[in-house]
**Q** 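Pasting in a structure now, in structure tokens, and then I'll have a few things to ask.
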Amino acid sequence: MKLPFKIKMSYGIGAICDNALYTLIGTYLLLFLTTVAGVSPAMAGTIVAIGPVWEAICGPIVGFKSDGMVSRYGRRKPFLLTAAVPVAIVTSLLFTSIDASPTVKAIYYIVVVLMFFTTFATFFVPYMAWGSDLTEDYNERTVLRSYAYVFNQVGMCIGMVLPTMIVDYCMNLGRTVQQSWQIAAVFVGVCGSAALLYCALSIHTTDVKDFQKPEKREKFLDGKSILKMFGEYLNILKLRPIQYIIGASLMYLVANITFSSDRVFFMTYNLELEPKMISAMLMVITINGIVMVPFISKLATIFEKKSVFVYVMGGSGTLMIFMRLIGIESLTALVLTLLFYAAANACYWQLMPSMLYDVCAAEELMSGDNHSGAVISLQALSESLSIAVSVQILGIILDVAGFESEAVVQTETAMSWIESCFAFIPGLFMILAAILIHHYPINKENFARIMGALDRRKQGEQVNMEEFQDIFK
């Protein structure tokens with residue numbers, strides 16, 4: 001059954017908050033800490049990495065709690081409402097420069113990073129899981145994620161393109177670089193907060209009906225222990241579809257964060273572009289991503305989601321490696337590299353959540369209960385780990401390569417490694433993501449088998465799980 005247009009739009013608008021904050025942190029936090037706040041590259045990488053590790057702890061707890069939430073607003077909406085205002089506050093605090101000793105600076109930014117990722121986890125996992133609750137249709141889930149991806153690109157524009165423009169504008173008005181970055185962060189945080197509130201308050205279709213049955217209510221209110229929660233996650237991780245999805249997600253997100261955190265460094269130091277030109281180049285990613293939405297959505301309805309993912313992701317990764325080998329020394333080469341990245345990014349954010357929703361159905365068949373929040377939180381866990389790994393590695397690479405934040409011109413070694421982090425390393429991890437999804441066992445036919453079995457079970461029939469060994473084992 002197709003979802004009403006209003007619900008698709010409202011759900012999509014919520015994605016503004018997710019990607020605005022995600023790209024702000026991924027693109028600018030390492031740059032801000034090293035060049036504005038005066039933190040060393042290695043320490044800055046450590047600070048940025050600590051937050052995602054903390055989110056990796058918070059995400060599974062939030063997913064578990066949202067699966068068991070009992071409220072007249074449903075399972076997911078209360079978490080979005082809880083995080084909406086705090087997320088704007090901590091975003092502005094994160095991009096506040098303080099005049100203190102290196103030790104005090106490190107403590108301040110570690111604390112605020114922990115606060116940021118706590119609020120991010122509070123809304124991100126329930127928001128993603130809500131998409132699984134809204135529709136069980138194989139193709140409609142891809143359509144729903146297409147709406148979310150379009151607004152993801154709006155969020156990307158807010159979190160990636162506009163900050164440098166705002167900073168440049170504020171500095172021209174006489175503001176300091178520190179004040180300018182804080183103003184930019186406040187703007188991004190408020191936009192994200194507004195989008196989250198609109199999404200939560202404008203969708204009235206919830207899963208509250210799941211809790212009207214006494215047996216359902218009792219099951220979710222039986223006081224599960226933390227030990228039992230982790231046992232549940234271990235059982236989920238044993239499923240073959242989960243392993244391939246989480247592995248591929250981790251591979252792509254390492255590519256994405258490495259590219260995102262490095263691109264401003266590359267355009268600033270290797271190509272010596274002005275801030276306005278950097279903003280224009282970043283806009284190329286946003287525009288190309290939006291243009292690709294209908295094409296990927298259409299391809300996914302004609303062919304298998306996994307096939308589209310494999311060819312687009314693998315092809316983009318190969319082309320990015322090729323660009324690094326021939327050298328990215330002109331605007332034309334830069335634009336081509338950005339287009340290849342944008343194609344992979346559009347493919348991931350449209351198809352990966354849709355495939356993840358299908359995995360939720362597979363997990364329900366295996367476990368006998370709906371744990372979509374727990375399943376989604378594992379994807380969020382891979383996102384957290386990818387950020388932690390990527391920024392830590394990038395910070396170490398910059399430090400070892402001799403990057404100097406005070407220097408206008410960097411050494412040849414530093415610029416060579418910056419270029420590799422811009423194209424070669426992301427391309428390699430994209431190819432690894434494509435290889436893993438090639439082995440992912442759920443296609444349209446298998447999904448229909450899963451949904452048919454779930455329907456039979458709801459009608460009181462017994463389901464022979466031996467019939468699904470090709471999917472789960």
Side-chain angles (χ1 to χ4, degrees), residues 8-29 51-52 55 59 80 83-84 87-88 90-91 94-95 116-117 119-131 144-166 184-185 187-200 249 252-253 255-261 263-264 279 282-293 296 338 341-354 356 376 379-380 382-384 386-387 390:
K8 294 175 185 176
M9 285 292 292
S10 295
Y11 182 80
I13 287 172
I16 291 175
C17 185
D18 160 24
N19 218 26
L21 301 180
Y22 182 82
T23 53
L24 178 70
I25 299 302
T27 304
Y28 295 113
L29 185 55
E55 190 197 2
L80 275 66
V87 81
V90 295
T91 300
L94 193 53
F95 283 83
F116 174 87
F117 279 98
T119 57
F120 189 89
T122 300
F123 81 82
F124 178 71
V125 173
Y127 170 75
M128 291 288 289
W130 204 1
L144 181 65
R145 286 309 309 175
S146 295
Y147 278 80
Y149 182 74
V150 169
F151 286 102
N152 263 157
Q153 298 312 290
V154 176
M156 181 182 289
C157 180
I158 293 171
M160 180 179 69
V161 179
L162 293 184
T164 53
M165 298 175 66
I166 294 172
F187 174 80
V188 174
V190 169
C191 288
S193 177
L196 207 58
L197 285 171
Y198 181 83
C199 173
S249 180
Y252 173 73
L253 290 168
N256 183 44
I257 292 298
T258 302
F259 176 88
S260 299
S261 298
R263 57 194 167 196
V264 176
S279 295
L282 294 177
M283 184 64 77
V284 169
I285 299 173
T286 301
I287 294 173
N288 189 66
I290 293 174
V291 169
M292 290 201 66
V293 166
I296 291 179
L338 295 177
Y341 162 78
N345 195 50
C347 174
Y348 178 85
W349 290 111
Q350 277 185 261
L351 299 183
M352 179 60 77
S354 180
L356 196 61
I376 297 295
Q379 192 274 340
S382 69
E383 183 171 311
S384 303
S386 70
I387 296 175
S390 302

**Q** State the OG1-CG distance between Thr286 and Leu338, to the nearest 0.5 angstrom.
**A**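 The CG atom of Leu338 is 10.5 Å from OG1 of Thr286, to the nearest 0.5 Å.
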**Q** Where is the tightest heavy-atom contact between Ala121 and Pro126, given as atom of each residue plus distance?
**A**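 Result for this residue pair: O-CD, 3.9 Å.
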**Q** Does any non-hydrogen side-chain atom of Val188 lie less than 4.5 Å from one of Tyr28?
**A**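 No, side chains not in contact.
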**Q** Any heavy-atom pair between the side chains of Ile25 and Phe95 that's under 4.5 Å?
**A**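 Yes; the side chains approach each other to less than 4.5 Å.
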**Q** Donor-acceptor pairs under 3.5 Å, side chain of residues 150-162 to any protein atom, not counting sequence neighbours: which ones?
**A**
from   : atom 1 : to     : atom 2 : distance (Å)
Asn152 : ND2    : Ala15  : O      : 3.1
Gln153 : NE2    : Tyr149 : OH     : 3.0

**Q** How would you list, by chain and number, every residue that makes a ring pair (Phe, Tyr, Trp, His ring centres under 6.0 Å) with Phe123, sequence neighbours excluded?
**A**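 Ring pair (Phe, Tyr, Trp, His ring centres under 6.0 Å) list for Phe123, sorted by chain: Phe120.
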**Q** Using side-chain hydrogen bond (donor to acceptor under 3.5 Å, both in side chains) as the criterion, list what pairs up with Ser279, not counting sequence neighbours.
**A**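 In terms of side-chain hydrogen bond (donor to acceptor under 3.5 Å, both in side chains), with neighbours along the sequence ignored, Ser279 is linked to Thr164.
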**Q** For Ala88 versus Gly189, what's the shortest heavy-atom pair and its separation?
**A**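 Taking Ala88 first and Gly189 second, the nearest heavy atoms are CB-O, 3.4 Å.
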**Q** Tell me the closest heavy-atom pair linking Ala200 and Leu80, and the distance in Å.
**A**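 In terms of heavy atoms, the two residues are closest at CB-CB, 4.0 Å.
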**Q** CZ of Phe117 to OG1 of Thr122: how many Å apart, nearest 0.5 Å?
**A**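 One gets 12.5 Å once the value is rounded to the nearest 0.5 Å.
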**Q** Atom OG1 in Thr27, atom CZ in Phe259: separation rounded to 0.5 Å?
**A**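 One gets 9.0 Å once the value is rounded to the nearest 0.5 Å.
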**Q** How far does CD1 of Ile16 sit from CG of Leu21, to the nearest 0.5 angstrom?
**A**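 Between atom CD1 of Ile16 and atom CG of Leu21 there are 11.0 Å.
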**Q** Just wondering, do Tyr147 and Tyr11 contact through their side chains at under 4.5 Å, heavy atoms?
**A**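 Side chain of Tyr11 against side chain of Tyr147, heavy atoms only: no contact under 4.5 Å found.
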**Q** Under the side chain to side chain contact (heavy atoms under 4.5 Å, CB included) criterion, do Cys17 and Tyr127 qualify, and how do the steps go?
**A** CA-CA 10 Å; Cys17 185; Tyr127 170 75; over 6 Å; no
**Q** With side chains defined as the heavy atoms from C-beta onward, is the minimum distance between Tyr252 and Cys347 less than 4.5 Å?
**A**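 The answer is no; the side chains never approach within 4.5 Å.
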**Q** So, the side chain of Thr91 versus the backbone of Val87: is there a donor-acceptor pair under 3.5 Å, distance only?
**A**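 Looks like yes, one N/O pair under 3.5 Å.
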**Q** Do Ile296 and Leu351 have side-chain heavy atoms sitting under 4.5 Å apart?
**A**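 Side chain of Ile296 against side chain of Leu351, heavy atoms only: contact under 4.5 Å found.
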**Q** Which heavy-atom pair separates Leu196 from Gly14 by the least distance, and what is that distance?
**A**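 Leu196 and Gly14 have their closest heavy atoms at CD1-O, 4.4 Å.
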**Q** Could you state the interatomic distance from CD (Gln350) to CG (Asn345), rounded to the nearest 0.5 Å?
**A**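 Rounded to the nearest 0.5 Å, the CD-CG separation comes to 10.0 Å.
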**Q** Quick check: closest heavy atoms across Met292 and Ala346, and the distance to 0.1 Å?
**A**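 Reported closest heavy-atom pair: CB-CB, 4.2 Å.
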**Q** To the nearest 0.5 angstrom, please state how far the OG1 atom of Thr23 sits from the CD1 atom of Ile257.
**A**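 Nearest 0.5 Å value for the OG1-CD1 distance: 9.5 Å.
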**Q** Of the options Tyr341, Trp349, Tyr348, which is the one that meets Asn256 in a side-chain hydrogen bond (donor to acceptor under 3.5 Å, both in side chains)?
**A**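 One option only clears the test, and that one is Tyr341.
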**Q** Any donor-acceptor pair under 3.5 Å linking the side chain of Thr119 with the backbone of Phe116?
**A**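 Pair found, side chain donor or acceptor close to backbone of Phe116.
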**Q** Taking all atoms of both residues into account, what is the closest heavy-atom pair of Arg145 and Ser354, and its distance?
**A**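 Scanning both residues, the minimum pair turns out to be CG-N, 3.9 Å.
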